[in-house]
There are 2 protein chains.
Amino acid sequence: MKPTITAFERSPDRGRGLARDMRVRWALEEVGQPYDVRLVSFQAMKEPAHRALHPFGQIPTYEEGGLALFESGAIVLHIAGRHAGLLPADADARARAIAWMFSALNTVESPIVEREAALLLERDKPWAAQRQPILDERVGVRLRELSSRLGEADWLDGAFSAGDLLMVTVLRRLGGSHLLDAHSNLCAYVARGEARPAYQRAFAAQLAVFTGAA
Amino acid sequence: MKPTITAFERSPDRGRGLARDMRVRWALEEVGQPYDVRLVSFQAMKEPAHRALHPFGQIPTYEEGGLALFESGAIVLHIAGRHAGLLPADADARARAIAWMFSALNTVESPIVEREAALLLERDKPWAAQRQPILDERVGVRLRELSSRLGEADWLDGAFSAGDLLMVTVLRRLGGSHLLDAHSNLCAYVARGEARPAYQRAFAAQLAVFTGAA
């Protein structure tokens with residue numbers, strides 16, 4: 001059965017692939033699972049019909065037969081559990097890859113989202129300039145730790161996994177900043193993710209929504 | 001094989017059960033799995049030996065035979081996958097419970113941690129008072145949405161699950177504020193979690209570390 005995901009009718013990132021449907025598209029492309037997309041407006045996201053699928057009124061959601069899921073991390077994990085290609089077969093290696101999934105979304109993404117929100121919503125406040133170094137450093141400490149762990153490896157723990165997929169999408173959110181520049185291994189890691197054919201198909205699909213080519 | 005987890009040698013919450021080892025202790029108690037605890041100091045957490053287990057120098061970690069895990073969400077999911085009692089047997093219901101796990105840690109906990117960090121680290125800044133309503137509202141919107149979804153149900157999706165376990169521990173972080181007061185169903189939900197015998201055993205165990213009774 002072909003799943004249906006939701007995505008922004010008009011993505012605030014103008015097709016740069018930073019909205020969270022990108023993660024789900026990429027995972028589906030990695031495992032070769034075709035999918036349908038239902039676009040939702042900012043207004044419709046907050047209405048009861050969408051909130052029945054997503055209690056917090058966001059995208060993406062995932063519908064497959066009688067199953068409805070929300071939270072991009074949970075959706076990627078569900079896809080990884082149904083298909084080969086996103087998690088190792090060995091039980092211990094699988095648990096470690098899942099730890100990197102949680103780590104990407106909780107430990108690394110949280111300060112990145114906090115920084116983004118400040119840039120977007122507190123830009124005109126009198127404290128904006130003074131808080132910027134504090135926010136940069138909250139991200140910076142995580143980047144140094146991640147860079148140190150990754151070292152010269154291609155991926156975080158052996159072969160490419162759903163943990164890398166999420167981590168690459170999280171680090172891509174820093175594209176407009178220079179925070180990644182200090183870590184050439186993290187830049188190469190992101191580029192390695194973006195070079196995957198499945199990534200490129202997913203990116204093109206979300207961009208086509210924005211350009212109207214879909 | 002008995003797993004070993006790590007916890008703060010001296011918890012900054014003075015035994016209120018807000019440190020993230022509480023989640024893992026609670027999960028282990030729910031499934032009846034005995035465990036050992038290794039206490040780590042703030043200094044030791046940042047040293048190479050601990051960072052080999054946890055790249056971000058935090059607690060908890062989880063060691064079991066040759067497996068080493070970090071991230072409380074991943075550890076709870078691992079425990080839930082090995083034992084009955086924390087996830088439904090039905091595949092769809094299981095995926096939904098896992099969605100609530102991600103939701104608790106990403107969507108609900110993130111603004112709560114951001115608010116806590118501001119109270120702790122930016123308390124003396126000139127903007128502290130003016131930013132407080134912004135931070136409260138970022139948490140408030142999530143609480144209203146969560147309260148609306150929970151309604152009069154006991155748990156988020158059918159029987160108690162690892163999703164509820166994480167969500168209760170996340171909401172407990174608001175205990176020092178009045179943000180939960182507007183939502184009597186969320187207060188009752190937290191109380192329902194705290195009343196579980198497994199919760200109480202886990203709470204007593206982490207408190208004993210602080211009081212020195214361990």
Side-chain angles (χ1 to χ4, degrees), chain A residues 46 51-52 54-58 62 64-78 81-82 91-111 113-114 117-118 121-122 125-128 130-131 134 138 141-142 145-146 148-150 156 163, chain B residues 46 51-52 54-58 62 64-78 81-82 91-111 113-114 117-118 121-122 125-128 130-131 134 138 141-142 145-146 148-150 156 163:
Chain A
K46 305 301 177 188
R51 285 204 191 264
H54 197 313
F56 301 100
Q58 299 177 320
Y62 178 97
E64 184 186 21
L67 173 64
L69 288 180
F70 61 106
E71 289 286 336
S72 57
I75 296 169
V76 170
L77 183 57
H78 174 74
R82 287 283 186 93
D92 283 2
R94 198 176 183 90
R96 290 197 305 270
I98 293 171
W100 281 112
M101 295 180 68
F102 278 95
S103 181
L105 301 181
N106 301 329
T107 302
V108 183
E109 189 172 45
S110 300
V113 168
E114 183 185 352
L121 305 171
E122 299 177 48
K125 302 289 186 187
W127 55 76
Q130 271 186 282
R131 282 195 82 238
I134 299 175
R138 279 183 199 158
V141 63
R142 294 304 175 220
E145 292 168 323
L146 184 65
S148 173
R149 168 55 71 105
L150 179 64
L156 288 166
Chain B
K46 304 302 177 187
R51 284 204 192 262
H54 197 313
F56 301 101
Q58 298 177 320
Y62 177 97
E64 184 187 19
L67 174 64
L69 288 180
F70 61 105
E71 289 286 337
S72 57
I75 297 170
V76 170
L77 183 56
H78 174 73
R82 288 281 186 93
D92 283 2
R94 197 175 183 90
R96 290 196 306 271
I98 293 171
W100 281 113
M101 295 179 69
F102 278 95
S103 181
L105 301 182
N106 301 329
T107 302
V108 182
E109 188 173 47
S110 299
V113 167
E114 184 185 351
L121 306 171
E122 300 178 46
K125 302 288 186 189
W127 56 76
Q130 271 186 282
R131 282 194 82 237
I134 299 175
R138 278 183 201 159
V141 63
R142 295 304 175 219
E145 292 167 323
L146 184 65
S148 173
R149 168 55 70 105
L150 179 65
L156 288 166

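We name chains A, B, ... by the order of the sequence lines, and we start the count at 1 in each one. Everything numeric here is computed off the predicted structure, so don't read it as measured data.
- Counting heavy atoms from C-beta outward, B:Ile134 and A:Leu121 have side chains that stay 4.5 Å or more apart.
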I'd like a table of donor-acceptor pairs (distance under 3.5 Å, sequence neighbours excluded) in which one partner is a side-chain atom from residues 91-103 of chain B, with atom names and distances.
unit_1  : atom_1 : unit_2   : atom_2 : d
B:Arg94 : NH1    : B:Pro88  : O      : 3.0
B:Arg96 : NE     : B:Asp157 : OD2    : 2.7

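- For the set A:Lys125, A:His78, A:Arg138, the count of heavy-atom pairs under 4.5 angstrom toward chain B peaks at A:Arg138.
- The part of A:Glu122 that comes within reach of chain B is its side chain, from C-beta onward, which places non-hydrogen atoms under 4.5 angstrom from that chain.
- Interatomic distance, B:Arg149 CZ to A:Phe56 CZ, rounded to the nearest 0.5 Å: 8.5 Å.
- Using a 4.5 Å heavy-atom cutoff, the side chains of B:Arg131 and A:Arg131 are in contact.
- Comparing A:Pro55, A:Gly57, A:Ser110, A:Ala117 by heavy-atom pairs within less than 4.5 Å of chain B, the highest count is held by A:Pro55.
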Using residues 69-76 of chain A as the side-chain source, report each donor-acceptor pair under 3.5 Å to any protein atom, sequence neighbours left out, with the distance given to one decimal.
unit_1  : atom_1 : unit_2   : atom_2 : d
A:Glu71 : OE2    : B:Thr107 : OG1    : 2.4
A:Ser72 : OG     : A:Arg23  : NH1    : 3.0

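- The shortest side-chain heavy-atom distance between B:Glu145 and A:Arg51 falls under the 4.5 Å cut-off.
- Contact tally against chain B (heavy-atom pairs below 4.5 Å) for A:Glu64, A:Gln58, A:Glu109: the top residue is A:Gln58.
- Using a 4.5 Å cut-off between heavy atoms, A:Val108 touches chain B through its side chain atoms alone.
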